[in-house]
Amino acid sequence: MQYDFNSIEKKWQEYWAKNQTFKASNDSEKEKFYVLDMFPYPSGAGLHVGHPLGYIASDIYARYKRHKGFNVLHPMGYDSFGLPAEQYAIQTGQHPADTTRVNIEGGVDKEGKKIEGYRNQLDRMGFSFDWSREVRTSNPDYYKWTQWVFIQLFNSWYNTDTDKAEDISDLISAFEKNGNTDINAVCDEDTPSFSAEDWKAFSEKEKQELLLKYRLTYLAESEVNWCPALGTVLANDEIVNGVSERGGHPVVRKKMTQWSMRITAYAQRLLDGLQKVDWPQPLKDSQTNWIGRSVGASVDFNLKDFENTISVFTTRPDTIFGVSFMTLAPEHDLVVKITTPEQKEAVDAYIEATAKRSERERMADVKTISGVFTGAYAEHPFTKEPIPVWIGDYVLAGYGTGAVMAVPCGDQRDYDFAKHFNIDIPNIFEGVDISEEAFADKENTVIANSDFLNGLPYKEATKKVIAELEKLGQGEGKVNYRLRDAVFSRQRYWGEPFPVYYDADGLPYMIEEEYLPITLPEVDKYLPTETGEPPLGNATEWAWDTVSKKVVANSKIDNETVFALDLNTMPGWAGSSQYFNIYMNVDPKNSQEIFSQDAINYWQDVDLYIGGSEHATGHLLYSRFWQKFMFDKGLVPKDEFAKKLINQGMITGTSAFVYRLPITLGFDKENLDETYNIKNEVLNTQIFVSYTLVSSLVKDADVAADLQTSLEDIFTGKYGKGFANVSLRVDDIQKIHADVSLVNASDELDIEGFKKWRPEFAEAIFVDDTGRLIIGKGNGYIVAREVEKMSKSKYNVVNPDAICEEFGADSLRLYEMFLGPLEQSKPWNTAGITGVHSFLKKLWRLYHGGVDGAFMVNDEEPSKDSWKTLHKTIKKVEEDIENFSFNTSVSTFMIAVNELSSQKCASRQILEPLIILVSPYTPHIAEELWEKLGHTESISEAPFPKFEEKYLVESSKEYPISFNGKMRFKLELPLDMSKEDIESAVLAHEKTQQQLQGRTPKKVIVVPGKIVNIVG
RNA sequence: GCCUUGGUGGCGGAAUUGGUAGACGCGCUGGAUUCAAAAUCCAGUUCUUUCGGGAGUGUGGGUUCGAUUCCCACCCAAGGUACCA
């Protein structure tokens, strides 16, 4: 009986769906285990073989854990808000909700293109997902809870005394009692202090404005990259060389009022939390760098002739006597105020120039030094000497305080700036030469020329200067974080609307929770409005009626009971910051609470999370922030949502290239047959030369001449006497992508398929390696191959559906794992799949040793060798799965099946446990064989075989005998032989004598059970 | 520049605590079977060689009886990140 994978896989996929085999229960005697994948964005292009890599790995682990007796939760859903659907909507006018649904569920889009749908594609691969818990972030019953969390953030503040988020009402009562003087909270830098009396005297508007300075989500002016031509805000990577990537329009930096998340309140806890999660070190490192904790001091420099002070943060307060100038970011608030009339023109010009440069550009350009003197002077806190205040675009407004105390002798950037503008470079280091470059080493010198700091090393000097600054009231020790509050507004359509309306003063109010969700309004077009408002500005029904508690027409806005709603939507990471908790609900559409407390207390957190490392500082940092906030609110029992995380590597594509040889045809006009349309013929006649022929064509004139002759024969036959000659333009050979599906395992092109692929290739002529023309159905055209990112435009995407069709899902799963270590990136090459596919056929045959391949297992006692094969396989596979080393267990299966086949093993005692071992990797064939073995229940919860050491015990060992560390021959010796006996047995061996060639060994190392090494 | 990961046959990769380098698979070569092909099976396949051997895991050193593995210096590639004061 043949291994008919198509019908087997179909049968079991239907069985699992019908029996809800993988539906997880929230109530079980078993220990829980939660395996999570990063949910996909459902794009119209569908899945390629790179996508399921992580899903296969997590599925193997989930299935393994079921065999190990765990109650496993393994859900899947869709991150279905996002830009591609919106852009598609702009282009085609289709509602993003419609295209998103088709991308998930399959169907035909408006242009008649058939879309398979993510769900169908995923189902074909045999994943053990519990689909009853599916979520889609763009469904109103899901984003209801995204909006709800936003409201909770708005109604919270961060108490640094208790180090957690607390209810805003508690803050208000504190203000009523004592003002804000004894409140330690994370709040805006510019928050004034006030007493209880002040508070009570404030107007409602003033109160709300003050509270915004404390709320965990708040409205603030933030700088954005504004593109006036597109009427939209661009991300850093949508800007290339200062202009928009799309269209090349100018981009300016502009301030906009937007929602921000006070993630900085959690900076230290986000850092500390990394200690307790088992995540890859590089990922932790990048989060650590992103948070960017640095310890130093804040120092206030008084300005001469102004009341204001310039605050700076420095990690080197010990070098304060080396300050010879200060630099402000051009956007710094004080710049306009302090610039002297003489310098105004230069400063204004510089600010304007800076506004045109993106932040990324400013940061990347290290070589150009630019800046302008403001004309103002600050005062050194100790020497009272005047310090010139400059502006420079190497200082960024968003970092620290947007101002730097420049110490050119200790910082290379300050040094370069000072050299460039001829500013004094005082040396404050003992015995250090700074004539060539700054000295940034903290450890190897002591401070000099610094009054009370003279002779002190870095640490003591830092401590002392901070104490002195505190005495003066001009500074204090401070920990600074690079992390900035996260802007949370997007000027887009396809995202979660804010449950927020504004009064006439522009103050925000939250809609009451019971009226959520506030669903996205319909709009005519998905572009920004003509006045530059976000797409929601196109909606005609987008106002909140506080009486009827409904979204009503904009025309009803009276700013008394009906108010304008927020026109922004939330960013992509809003919906993905809690989806893993929502999966815990038995009913993902739970409308009563975000997640049931029973569910969250049962599942607690994710035990294994698999996904790409590109989310290191986005999704994975924001999610940790939301989780900590929800932990503070008592909504979740764990303040880290995922115990262990694995980053799967990227699968790259192996592109195929054909070489097109341009030719020029010469004609003899006199004899030309007028009826022939030569122009078209020439255009349609393309010559493709085999990859290996290219270099010889270029180098060897004879090869080229032979080809020329062959081609001339063809064209003479075609055009008759009107044809004169062919000239080959060997130097103009072009390399073009060919679709990888047209290339076989030996890199041969399917010529007929290639001709049909594109009409212009229909009449093409192909030349093989040896320079011969390939006639008829011939083969032998070899393509060049190169590894590149898998992408549609490179014609190197490999579709998993086609692989499932040809080889089956089990082969695909096994092959994806066999390619190499999960965490590394590796190239895809479909050719190799025959290896794992024939392994599955061998596995099948192992159970079908009967007449004409009939199923046959027996109840005979297995041989010692078969027991050994089984148990070493159990041991290795178990270790491999625990270590996420899936590629090596595939090899182990191959070895086991090869051995058992040659042992002619058909024993139930071996074959039954073997199929359980294989089943997490190739579940369909495993279920089928399990059923044939007589079982009526799914294999999915069959207990994992238990490893027994006794089957591996050996009595002898084939010792490698090495000379000076090099293995030269092997010798079989009993394992219980003593060291001395081994030594004499080896030395007596004739090959030893041959190796030694008469020399006496200096030393003989015997490691019993391992190796013998003879030195000499 | 800094951080991270990696560098092993023609290719993907294996070698889990320092102990037989190249498991397993692809590809390739030869053979069996077949009218032929596919499929299947068998043998070989790091390089080099005077067929005794010799060399060999990015490069150069070191530790060790023994190094792909540990240490030092460097080169290359990929990813991340930045005038973070």
Side-chain angles (χ1 to χ4, degrees), chain A residues 280-286 288-290 292-294 296 312-316 319 327 360 362-367 369 392-396 398-407 410-414 416-417 480-484 613-614 616-617 647 649-650 652 654 745-747 785 787 815 818-821 823-836 838-839 841-842 845 876 879-880 883 885 887-895 898 958-970 994-995 997 1001-1007 1009-1016:
Chain A
Q281 196 55 42
L283 196 155
K284 287 189 188 182
D285 290 345
S286 72
T288 304
N289 293 336
W290 193 263
R293 181 182 201 265
S294 49
V312 302
F313 174 79
T314 175
T315 51
R316 295 294 306 273
T319 62
T327 315
R360 184 170 283 188
R362 278 164 66 175
M363 293 187 290
D365 184 9
V366 189
K367 294 201 176 93
I369 295 162
D393 67 4
Y394 76 96
V395 179
L396 301 176
Y399 293 122
T401 61
V404 185
M405 67 171 218
V407 183
D411 182 293
Q412 194 59 42
R413 293 153 310 168
D414 296 345
D416 295 340
F417 195 90
N480 195 53
Y481 298 93
R482 197 202 122 185
L483 184 71
R484 287 184 271 180
S613 59
E614 67 272 20
T617 50
N647 288 132
M650 186 177 60
T652 48
T654 312
S746 312
D747 293 345
R785 309 220 70 162
V787 170
Y815 188 52
F818 187 56
L819 281 178
E823 302 186 43
Q824 277 170 33
S825 82
K826 54 236 161 204
W828 179 268
N829 180 7
T830 305
I833 200 169
T834 55
V836 296
S838 51
F839 158 74
K841 286 196 259 184
K842 271 189 222 168
R845 277 203 304 273
K876 175 82 174 129
E879 282 168 4
D880 282 348
N883 293 317
S885 174
N887 54 326
T888 50
S889 26
V890 181
S891 312
T892 305
F893 293 140
M894 290 174 171
I895 294 167
N898 286 343
E958 194 179 33
Y959 278 91
I961 313 300
S962 37
F963 292 80
N964 299 317
K966 280 258 166 219
M967 200 280 289
R968 294 305 176 199
F969 66 93
K970 290 176 192 168
Q994 199 180 335
Q995 277 290 331
Q997 293 180 321
K1002 288 192 193 110
K1003 203 174 180 183
V1004 179
I1005 313 280
V1006 178
V1007 184
K1010 287 237 158 147
I1011 199 169
V1012 177
N1013 189 20
I1014 297 162
V1015 187

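Below, chain A is the first sequence line, B the second, and so on; all start at residue 1.
Taking the ring pair (Phe, Tyr, Trp, His ring centres under 6.0 Å) definition, one finds that A:F893 meets it with A:Y921, sequence neighbours left out. Residues passing the side chain to side chain donor-acceptor pair (under 3.5 Å) test with A:N898, sequence neighbours excluded: A:K842. Applying the side chain to side chain contact (heavy atoms under 4.5 Å, CB included) rule to A:I961 yields the partners A:Y959, A:F963, A:F969, A:L971, A:V986, A:V1012, A:I1014; only residues at least two apart in sequence or on another chain are considered.
Comparing the P positions of B:A23 and B:G44 gives a spacing of 12 Å, expressed to the nearest Å.
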**Fill in**
Expected string for nucleotides 4-20 of chain B under the B/S/- scheme (protein heavy atoms, under 4.0 Å, primed atoms plus P, OP1, OP2 as sugar-phosphate) is S-------BSS-B--BB
**Prompt:** Along nucleotides 50-62 of chain B, 5' to 3', which nucleotides get a B, which get an S, and which get a -, given that the test is a protein heavy-atom distance under 4.0 Å?
**Reply:** ----SSB------
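In summary, the side chains of A:W290 and A:T288 do not present any donor paired with an acceptor at a separation below 3.5 Å, with no hydrogens or angles considered. Side-chain atoms of A:Y394 and A:D416 form no donor-acceptor pair, as typed in the model, at a separation below 3.5 Å. With hydrogens and angles left out, the side-chain atoms of A:Q281 and A:D285 include a donor and acceptor closer than 3.5 Å.
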Could you go over nucleotides 38-46 of chain B and give all protein N or O partners under 3.5 Å, atom names and distances?
unit_1	atom_1	unit_2	atom_2	d
B:C41	OP1	A:R845	NH2	3.3

**Item:** Stepwise side-chain contact (heavy atoms from CB on, under 4.5 Å) check, A:L283 with A:N647
**Value:** CA-CA 9 Å; A:L283 196 155; A:N647 288 132; 3.3 Å; yes
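Of the two residues near RNA chain B, A:I895 and A:V1015, the one whose nearest nucleotide lies more 5' is A:I895.
In this structure, A:N1013 CG and A:R968 CZ are separated by 10.5 Å, a value rounded to the nearest 0.5 Å. Atom CD1 of A:I1011 sits about 10.0 Å away from atom CD1 of A:I1005, to the nearest 0.5 Å.
In this structure, A:D880 contributes its side chain and A:S889 its backbone to a donor-acceptor pair below 3.5 Å.
Counting any heavy atom pair closer than 4.0 Å across all strands shown, A:N898 reaches sugar-phosphate atoms only and no base atom.
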